[in-house]
Amino acid sequence: MMSTSRKRTLDDDLYDESPKHLRGGGGGGYGDDGDDLFNDDDLFEDNLVDHDGPPEPADDVEEDIAFGDITDAHRSRWTRPAVPSSVWKTSENDLNLQWLDIDMIGGSPLAANPNKNKKVLGASSGTVPIIRLYGVNETGNSVAVFIHGFTAYGYFALPRGYEVDGSDGNLGKIRSILEENLRAKLGSQFDKGDNTSNGETPMACLGVTCLSNKQSIMGYDPSHTKFLKVYVAMPGMIPKLKTIMEEGITLPGITNANGQEVRESMIFQPYECNVPYVMRYMIDRDVTGASWLSLPKGTYHLRKNESEKGTHCQIEADICFNEIIPRKPEGEWAKVAPLRILSFDIECQGRKGYFPEAEHDPVIQIANSLSVYGESKGPIVQNVFTLGGCLPIVGAQVISSNTEEDMLLKWRTFLHASDADIFTGYNVQNFDIPYLLDRAAALWKKKDSKLRIFTQWGRVKNCQTRKRETMFQSSAYGRRTNTETTIEGRVIFDMLPYMQRNHKLSSYSLNSVCAEFLSQQKEDVHHSIISDLQNGSDADRHRLAVYCLKDAILPQRLMDKLSVLINYVEMARVTGVPVSFLISRGQQIKVFSMILRKCRDVNLLVPTLKKSGSGGDEGYEGATVLDPIKSYYEIPIATLDFASLYPSIMQAYNLCYSTMLSPQEAAKTDPSMFKRSENGHNFVHSNVKKGILPIILEELLAARKRAKKDMKNAPTEFEKAVQNGRQLALKVSANSVYGFTGAGVGQLPCVPIASSVTSYGRFLLEKTKSYVEEHYTQAHGYEHNAQVVYGDTDSVMVKFGTKTVADTFPLAIEAAKKCSDLFPNPIELEFEKVYYPYLLMNKKRYAGLMWTQIEKYDYMDTKGLETVRRDNCALVREVIQTSLDKIIIERNVPGAIEYVKSQIADLLQNKMDISRLVITKSLNKGAEYALGLGGKAEDYKVKQAHVELAARMRKRDPGSAPQMGDRVPYVIITAAKGAANFEKAEDPIYVLENNIPIDSKWYLTNQLSNPLTRIFEPIIDNVEKSLLQGDHTRKIFIPTPTAKKGSLMMFAHKKATCMGCKASIGVDEGNLCKYCLPKEAEIYLGKLAVLKEAELRYAHLWSEAQRIHGTLHTDIMCTGDGCACQFYRRKKVQADIRLAQEQVDRFGR
Amino acid sequence: MFEARLTQGKVFKQLIEALKDLVQEANIDCTDDEMSIQAMDNSHVALVAVCLRSGGFDHFRCDRPISLGFNATNMGKILKCAGNDDIITLKAEDEGDSLALVFESPSQDRIADFELKLMDIDSEQLGIPDTEYKCTIQMPSGEFQRIIRDMQVLGDTLAISCTKEGVKFHVEGDLGVGNVLIRQNNTAEKEEDRVLIEMEEPVELTFALRYLNFFTKATSLGPTVILSMSPDVPVVVEYPIGETGHIKYYLAPKIDEDED
């Protein structure tokens, strides 16, 4: 087999001139076959490569099943608008679409280029990669574009000084050597797929060219300037090729620096071999994420017959990759297409005592809310699929089924008809979607019903939805197991992880998130109740359906309210990665994409580094924190911030891979050309060679400035929030550039850059401190000596000594300007705010009233306080918050002390609402063991209070006990001396019902003491004595528990005591002792008042709860501890009423 | 006005010592004929009842019944300042918020007075009604203390069974098994060394050793201890305090958790 590879013109972008002999071959699916070099990298794994199993058996190809109750009226509301006839005139009209999802399959090459004037590109036989793009056109029709002819390739560098004979003949020889090696590596995989269509033998290595116009990004004077560019048949072959080149190979026509031909095996450094195939295409063709693309008239072909089509999209086009015109997201093309978003939620009927398992427990309802982006009237369809009858719901379709199979299949019919671009919901990714898939599989195994087609959710015909478990580990989020699902052509956008990533909240339950952002509540129904409702009447199921529907609607509203979609589209366009990457992958891919794009513009190439494994975590010194001078400052403290410190350092000092000089190079270079960083690395000046990273940062920060400006000019609060989100996203992206260089296990870690950045940061902070303290002194004519009281990473807090905010502002503005002048552009010290008063407790722990204008303060700003953390009870959060409010805003320290004392007194006298004492923790991995659900003893070494409690509750009543993954609420009760904490945790409801005493001392010493000490330490002396002890702790209440088994209360009798003075009296003496008898009326009225007050409190709470849940006629099912309907408080008042009633009743006798 | 003078001051001292592990806060209830304390422990398994009759004091005056709430730990701190031979006088005003404690040395050459801030404890008074017990065992308090201490080494649940043979204490644990049998002995020279068992029918009950151990803190209050048991009701562990009164502990029998 002999083939020549044509020498390409220097511009390797002229794909049109692709080599005649490029031929492909072999079967698809190489990417799947455990190539460790590719797969070990979770972040960059090329999982977009086709990993379809064998095609489904033909008998499964049964599209939709007709159901009597799904009428045309239903369908017409569900489906997309009809395709306008103009679309079909491909020679007259361009086809424009905004794309969202992208993937790749192996397929046969095109027989002819749809653009009649041009030839087919790429290999002409065997299996070739085809890119599938899914999007929506302006009229809201779904479009799938099959992009042909884009060939995968990698670069391999020749060592410095080496040359290669670039003649056609020699490159042809190189190609055949590589071909041989590749085939040897691929082994039988390759031969098996020999399906030659035109008698030609398929090839693995399609061609080789030689380039000398590109350079490596590494270093100011890179050692690699000559490259071989090798094309292969399928993207999955790239890693194999990389291995061959890294292991060393003898290639003909290569001469070393002395001009002698190299005859032995040599190693070629791979470049850009780790770029996923679809990203490669996007970068080379300048296609950015979620952008608009145009298919110019006459260049594409539409598949008109259903039999011809491979997807369920309304429009399907074939085109060669170089015909597509990417549109820059500006002006007209900044718009967003009418994308369809489907938000859904399922309910399952669990068995008593178990969390629903797909193997056993049926899905009983599926609620959906379908909306179209840009449609102002809200969702276009809301419906519920129910198992069993259900009363009608206002504003929603109810579709009932008698069997679960029917319901699931009807839902799938809906799914296909509605053809959503984006799936959303709350925790759908890890619960709803996997549950439906598993459930269908379980049913299908049991009954062999029609359910095999149920899991075809994607746009590609006859293609099952696949899921796989992934482990996600990050220092910020900890270790999590996720389920990743691939639904061809649709993007899954789960709102739960989004909220977890982007907002710091104390609770991420849908209920509390909605209360926070939408001021809307939903009932928290425990899953044990769901089963009862399902087994009830049509009205009960209606109740459930309304609840379920709300769960489907809320994530959608959340998405709209937080402008999630527009922010992500924006981010995808800025960083150039597909939207799905933003959701499922980390920060690195964004930076990597930006670097690759920029490098392409300036003819630089990025090396593919070997994974360094553990060797990568070469530590370096991080940011600096100046020692705080702890105190309560009752004079203004000005805060001077470096704006985007790390990005601006990289810009100012031109820190980049491509500007770095090694020490040896530096010694030979003119010293005026470079600067030595604070920790001894050398980078050339920007006028010598501008770095890639500074360019990227410049663009990002310019975009951020525009967004900030838009934010200032935004007409509404809402619009402001949108722009704020945008500018924050840009800020995060800019900051992640620094992270990219410092990440130990990254794509291109470079510790010299990262450590230089932090060392410059430390230098700037110290410099600012010393400048301010030297310049603003009485010696220089200022009234006071300035003092830097605290500084952290990019900000310093300065005490200028001035007494008013108005006096401080001019000084601070001046100081910021003077400091900025000391530093190179664009490093800028900004004066943003004054804290007055300012309570500095410790490193990263402070509170202050923030002033950004002289006239009035903005709000109280706190850092590192217990106000958000959830492992504290609400009491701690409230006490801390209120004390700070009093100290900082009202500037009333005695008031704060009084308040704290009154709270402690209430706590000791059992007047505290129990909901404020509830602590919640979730049952995570390891707890199975304690609950007797399997698991290993090693995973549960230390007994945890909430886990032990859950185990105890399980013994009492398995039905209502918390399940794995649930959050367990508990309070700490009194117990024998020396009892461990886990013995003292108890279910709040059980506590209320049995009147068990709360261990108020525990709350005082373990919960309140530390945070209170921290706050008051800088303000008053001896916090312990003055706050935590004293007269207010001397009145306590010891409740009498109700009798229960094992308790002495089974045998004890209450002794009659006087209701007035507590003295014991004889049984027959009535209620009062002889000393109190004269005051009988007074005492009675007192007790009556207590009862009335409790009743009133209950009435208030009840009507408030009714308002929150919007129900007047039904019981309130909500038992959520985070819900504003105050479940525990209602319970507590009920107990209070009972007690008060008993007291009053005693007088009647 | 409440005033009580106790020549044997150490009795009061030991009393407080004997209950401070079981209860943190309690009321001293004073009436014109006695001074008493009743409190349940935090886990509601045990109850302690103290009674000191007015006759046992040199001087006792109580104008109207009052409750004096105290913190046992703090009270203990103050009582540490009293010598074992000191005479202790307690004084409180009807509407006051403190308790005065006066310690006089026997020779009257040292008089110390302290004031303890009182607590306002809002709780119900609880008591166990007197009943006829099927078994009553009187034994030296030191012997009882020793048994409890020894048994605790092996486990945390103690079975006490009273039969014709005598009283058997039985414990099982990871280490092994332990048994102590105490036989009737009414011939000992000293009255307090005798073991007297009155039994209508055999009784066997199990208890948490942790609490019994707390009870033995009262050993120094008297040479004998009286255990009273009936099936399925709390055991009473009584330490008579001479002629002046007693301290009684009630402990609910352990119920097998599997029975629920």
Side-chain angles (χ1 to χ4, degrees), chain A residues 905 908-911 952 955-957 973-979 983-984 994-1002 1029-1059 1061-1066 1073-1076 1139 1142, chain B residues 20-27 29-31 36 38-47 49 62-67 69-71 74 94-95 97-98 117-129 131 208 210-211 214 232-234 249-260:
Chain A
L908 295 176
Q909 289 167 44
N910 196 32
K911 286 185 191 157
R952 255 179 287 142
K955 270 190 193 152
R956 274 180 217 147
D957 175 19
I973 56 164
T974 57
K977 196 183 174 191
E983 294 175 82
K984 296 168 76 171
N994 293 294
N995 210 12
I996 298 170
I998 303 267
D999 193 347
S1000 45
K1001 301 239 170 54
W1002 184 89
Q1029 296 164 1
D1031 285 342
H1032 61 286
T1033 61
R1034 258 182 224 109
K1035 190 168 155 61
I1036 62 166
F1037 173 76
I1038 302 175
T1040 309
T1042 45
K1044 62 172 198 271
K1045 249 185 182 171
S1047 144
L1048 203 62
M1049 284 310 294
M1050 293 288 279
F1051 312 100
H1053 284 255
K1054 287 177 194 170
K1055 283 195 182 165
T1057 50
C1058 165
M1059 290 180 75
C1061 68
K1062 301 267 164 216
S1064 51
I1065 48 173
C1073 65
K1074 59 183 176 204
Y1075 302 98
C1076 290
L1139 280 179
E1142 271 171 28
Chain B
K20 82 169 197 235
D21 279 346
L22 213 53
V23 292
Q24 271 78 58
E25 284 107 6
N27 280 320
D29 293 301
C30 308
T31 59
S36 64
Q38 261 115 16
M40 198 171 248
D41 89 301
N42 276 329
S43 49
H44 323 298
V45 179
L47 183 133
C62 183
D63 297 348
R64 58 165 289 186
I66 55 168
S67 286
F70 69 97
N71 177 303
N74 296 344
D94 282 350
E95 304 290 336
D97 60 354
S98 63
K117 283 192 177 156
L118 288 176
M119 304 191 59
D120 180 352
I121 301 169
D122 186 0
S123 66
E124 284 186 275
Q125 280 203 34
L126 300 164
I128 307 288
T131 45
R210 173 192 268 175
Y211 295 97
F214 288 147
D232 300 326
V233 301
Y249 297 96
Y250 296 85
L251 179 62
K254 243 189 158 174
I255 290 176
D256 249 335
E257 289 194 1
D258 303 335
E259 277 179 35
D260 295 332

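We name chains A, B, ... by the order of the sequence lines, and we start the count at 1 in each one.
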Residue selection (most heavy-atom pairs with chain A, distance under 4.5 Å) from B:Pro129, B:Gly69, B:Ser36: B:Pro129
Residue, of A:Ile1036, A:Asp999, A:Ile1038, that accumulates the most heavy atom pairs under 4.5 Å with chain B: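 Answer, by heavy-atom pair count under 4.5 Å with chain B: A:Ile1036.
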Heavy atoms from other residues, nucleotides or ligands near CG of B:Asp120 exceed 12 (cutoff 6.0 Å): yes
Residue pair B:Asp41 / A:Leu1048, side-chain heavy-atom distance below 4.5 Å: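 Answer no - side chains too far apart.
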B:Leu126 side chain reached by A:Lys1054 side chain, heavy atoms, under 4.5 Å: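 In contact.
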If I compare all heavy atoms of [X] with all of [Y], which pair ends up nearest, and what's the gap?
{"X": "A:Thr974", "Y": "B:Asn42", "answer": "OG1-O, 3.0 Å"}
{"X": "B:Arg210", "Y": "A:Ala979", "answer": "NH2-CA, 4.2 Å"}
{"X": "A:Ala975", "Y": "B:Ser43", "answer": "CA-CB, 4.1 Å"}

Heavy-atom distance under 4.5 Å to chain A: side chain of [X], backbone, both or neither?
{"X": "B:Leu251", "result": "backbone"}
{"X": "B:Glu25", "result": "both"}
{"X": "B:Ala46", "result": "backbone"}
{"X": "B:Asp94", "result": "neither"}

Segment of A:Lys1001 engaging chain B (4.5 angstrom heavy-atom cut-off):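 Looking at A:Lys1001, just its side chain touches chain B.
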Portion of A:Asp1031 that has a non-hydrogen atom of chain B nearer than 4.5 angstrom: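 Contact with chain B: side chain only.
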Inter-residue atom distance [X].[atom1] - [Y].[atom2], 0.5 Å rounding:
{"X": "A:Lys1035", "Y": "B:Asp122", "atom1": "NZ", "atom2": "CG", "result": "6.5 Å"}
{"X": "B:Met119", "Y": "A:Leu908", "atom1": "CE", "atom2": "CG", "result": "7.5 Å"}
{"X": "A:Met1049", "Y": "B:Ile128", "atom1": "CE", "atom2": "CD1", "result": "8.5 Å"}

